[in-house]
Structure formats: C-alpha cells, structure tokens
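Quick caveat, the model's predicted, so the values are computed rather than measured.
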Amino acid sequence: MNDLLLFFNEIWIARIPLLKGLGMTISISALAIIAGSILGIFVGLSLTYGNRLLRFFVRAYTDFVRGTPVLVLVLASFYILSTIGVDLSPFEAGVLALSVFCSSHIGEILRGALQAIPPGQTEAAKAIGLSFRQTFTSVLWPQALRQMLPTWVNTAAEMVKASTLLSVIGVAELLLRSQEIISRNFMSLQFYFFAGLLYFVINFSIEQLGKYVERKTTIPS
C-alpha cells in the first residue's frame, strides 16, 4: 500500500514533465499521420493512375522508404539533411521522418483499395461525362476509404509507437520524459508501465475514432 502511495506521489511530482511528454507524443503523431496521409494519397494515385515514368519514380520512393527502418529515416532527417544545409529542429526532423514513412504505407494501402474497385465503375463515370476529379471524389474515394480504414488505423497506431524512436535525436516525447523521471526516482517498472498505459490510451482512442468513421461511412444493407 505504501509503495502504491509512493508511486502516485511520484506521478504527481512529475505531472508537468509527463504532460509535456504526452503532449509532444500526440502532436508529433498527429502531424505525421495528417502529413503522411496527404502525401500518401498522392503516392497512391500516382501508383494507380500515373504514367509510366511517374509510376517508376513513385514506386522507387515507396519501396525505398518501406524497406528502410524508421530509426534510419529519423537519423537521416536530422543529421544528413543538416550536411546539405537543411537544418531542422529535432521536432521538425521527427515529423518529417514519420510523415515520409507513413506516406509510403498509406500510398500502398490506397493503391490496393483503388485497384480492388471494379474498372466498370470508372468507365461508367466517364460515360456520363464525369472528370477524373469528379470520378475520384464521388465514386472511387468513398469506396476506397471504406476498404482502407482498418489498415489506415493500424498505420496511425504504428506512428504513435514509432514516435518513441525520436528520443535518439533529443525529442522530449513521452518515453524520454519517463526515462528522465526514472533516472531520478529509480521506479523503472512502475513508470514504464505507466508510459505503456498512456500509449495504450492514445492508440485505443485512434481505434475508436476509426470505428466511428467506419460506422459513418458504412452503406446500410
């Protein structure tokens, strides 16, 4: 009982660093998911409808990024870009690395979803005079979104977990803040468990948001 009270007391003492770390994790993850999704839509469209040259370059980008560990992307965004005169803060470099990684996965997810739609629907849209933009927004995107939502949610959860890697370039996200607190009170088991619980809450919230959107986009039978 005394140990539990001591643990809660330490959480109260460290509440500000923990909240800052939690806020940093949520901010980085949200920005990476949004930017990665926007770029991923371009990647998916290019892989599906681009000409041969565009498909070649986007395919090379996608395969290279997907085959590269996230930690390498993080280090490259922070250290290699600075050697060519692009100085990014640890926060900016972390968001860039996670966004690039997220875009390659979203692009592949969208490509698979679009290719699963029968081509007759695109031909029918052309037959009634719809432009490509109208065909995509009114016919293809709603169907693709329903198919890719579960995998999209998984990718978003992966971005939250990958944000822990940003501690290597000094981003004070939740894990690094927890390690700093542990170095002071040596309550490693308790604070790692507490950090894991907070990560679970973030990912559970993303999952519930995905299920809500899935329910809203489901076509009633």
Side-chain angles (χ1 to χ4, degrees), residues 1-38 68-82 87-103 105-106 149-216:
M1 188 64 181
N2 289 336
D3 290 343
L4 189 61
L5 290 175
L6 178 61
F7 173 54
F8 284 125
N9 184 56
E10 287 292 332
I11 287 180
W12 177 253
I13 294 172
R15 63 190 185 283
I16 302 301
L18 284 173
L19 286 173
K20 286 183 177 178
L22 180 63
M24 180 66 75
T25 292
I26 293 174
S27 300
I28 287 177
S29 302
L31 288 173
I33 292 167
I34 293 171
S37 297
I38 293 172
T68 305
V70 186
L71 180 59
V72 175
L73 292 175
V74 171
L75 295 174
S77 298
F78 188 63
Y79 292 110
I80 295 180
L81 288 181
S82 65
D87 292 319
L88 299 178
S89 67
F91 179 86
E92 293 168 340
V95 171
L96 174 63
L98 294 187
S99 299
V100 168
F101 189 74
C102 182
S103 71
H105 285 266
I106 297 297
L149 259 177
T151 321
W152 200 335
V153 170
N154 288 339
T155 302
E158 287 299 322
M159 291 304 101
V160 176
K161 288 185 278 188
S163 69
T164 59
L165 297 173
L166 304 187
S167 60
V168 298
I169 57 173
V171 176
E173 41 71 56
L174 179 58
L175 182 62
L176 183 58
R177 293 287 189 183
S178 299
Q179 290 172 333
E180 290 172 349
I181 296 165
I182 290 170
S183 67
R184 178 177 54 80
N185 59 27
F186 302 105
M187 300 177 73
S188 55
L189 179 63
Q190 295 91 330
F191 272 90
Y192 278 132
F193 177 80
F194 186 66
L197 180 64
L198 293 177
Y199 281 113
F200 168 77
V201 170
I202 297 172
N203 282 335
F204 183 75
S205 301
I206 292 174
E207 181 185 352
Q208 294 304 307
L209 178 61
K211 287 182 177 179
Y212 172 78
V213 176
E214 195 172 2
R215 285 195 300 271
K216 289 293 182 183

Heavy-atom closest pair, residues Val171 and Pro90: CG2-O, 3.4 Å

Show me the donor-acceptor pairs within less than 3.5 Å that the side chains of residues 174-185 make with the rest of the protein, sequence neighbours left out.
unit_1, atom_1, unit_2, atom_2, d
Ser178, OG, Leu174, O, 2.9
Ser183, OG, Glu180, O, 2.5
Arg184, NH1, Glu10, OE1, 3.4
Asn185, OD1, Met187, N, 2.9
Asn185, ND2, Glu10, OE1, 3.2

Ion pair check, Lys161 and Glu158, cut-off under 4.0 Å: yes

Minimum-distance pair of heavy atoms, taken over all atoms of Ser82 and Asp87: CB-OD1, 3.4 Å

Atom of Leu31, atom of Ser99 and distance for their closest heavy-atom approach: O-OG, 4.1 Å

Contacts of type ring pair (Phe, Tyr, Trp, His ring centres under 6.0 Å), residue Phe78, not counting sequence neighbours: none

Verdict with supporting geometry, Thr155 and Cys102, side chain to side chain contact (heavy atoms under 4.5 Å, CB included): CA-CA 7 Å; Thr155 302; Cys102 182; 4.1 Å; yes

Distance, nearest 0.5 Å, that separates CD1 of Ile34 from CE of Met159: 13.5 Å

Side-chain donor or acceptor of Ser29 paired with backbone N/O of Ile26 under 3.5 Å: no

Inter-residue atom distance Gln190.CD - Leu6.CG, 0.5 Å rounding: 8.0 Å

Non-hydrogen atoms of Leu165 and Leu71 that approach each other most closely: CD1-N, 3.9 Å

Worked verdict on Tyr199 versus Thr25 for side chain to side chain contact (heavy atoms under 4.5 Å, CB included): CA-CA 9 Å; Tyr199 281 113; Thr25 292; 3.9 Å; yes

Trp152 side chain near His105 side chain, heavy-atom distance below 4.5 Å: no

Ring pair (Phe, Tyr, Trp, His ring centres under 6.0 Å) involving Tyr192 - partner list, sequence neighbours excluded: none

Shortest non-hydrogen separation from Gly94 to Ile169 and the atoms involved: N-CD1, 4.2 Å

Phe191 side, atom CZ; Leu18 side, atom CG - distance, nearest 0.5 Å: 6.0 Å

Nearest heavy-atom neighbours spanning Leu149 and Gly210: CD1-O, 4.4 Å

Pairwise distance OG(Ser103) to CD1(Ile33) - rounded to 0.5 angstrom: 13.0 Å

Reported CZ-to-NZ distance for the pair Arg215 and Lys211, which is rounded to 0.5 angstrom: 8.5 Å

Pairwise distance CG(Leu75) to CG(Leu166) - rounded to 0.5 angstrom: 10.0 Å

From CA spacing to verdict: side chain to side chain contact (heavy atoms under 4.5 Å, CB included), Ile106, Thr151: CA-CA 9 Å; Ile106 297 297; Thr151 321; over 6 Å; no

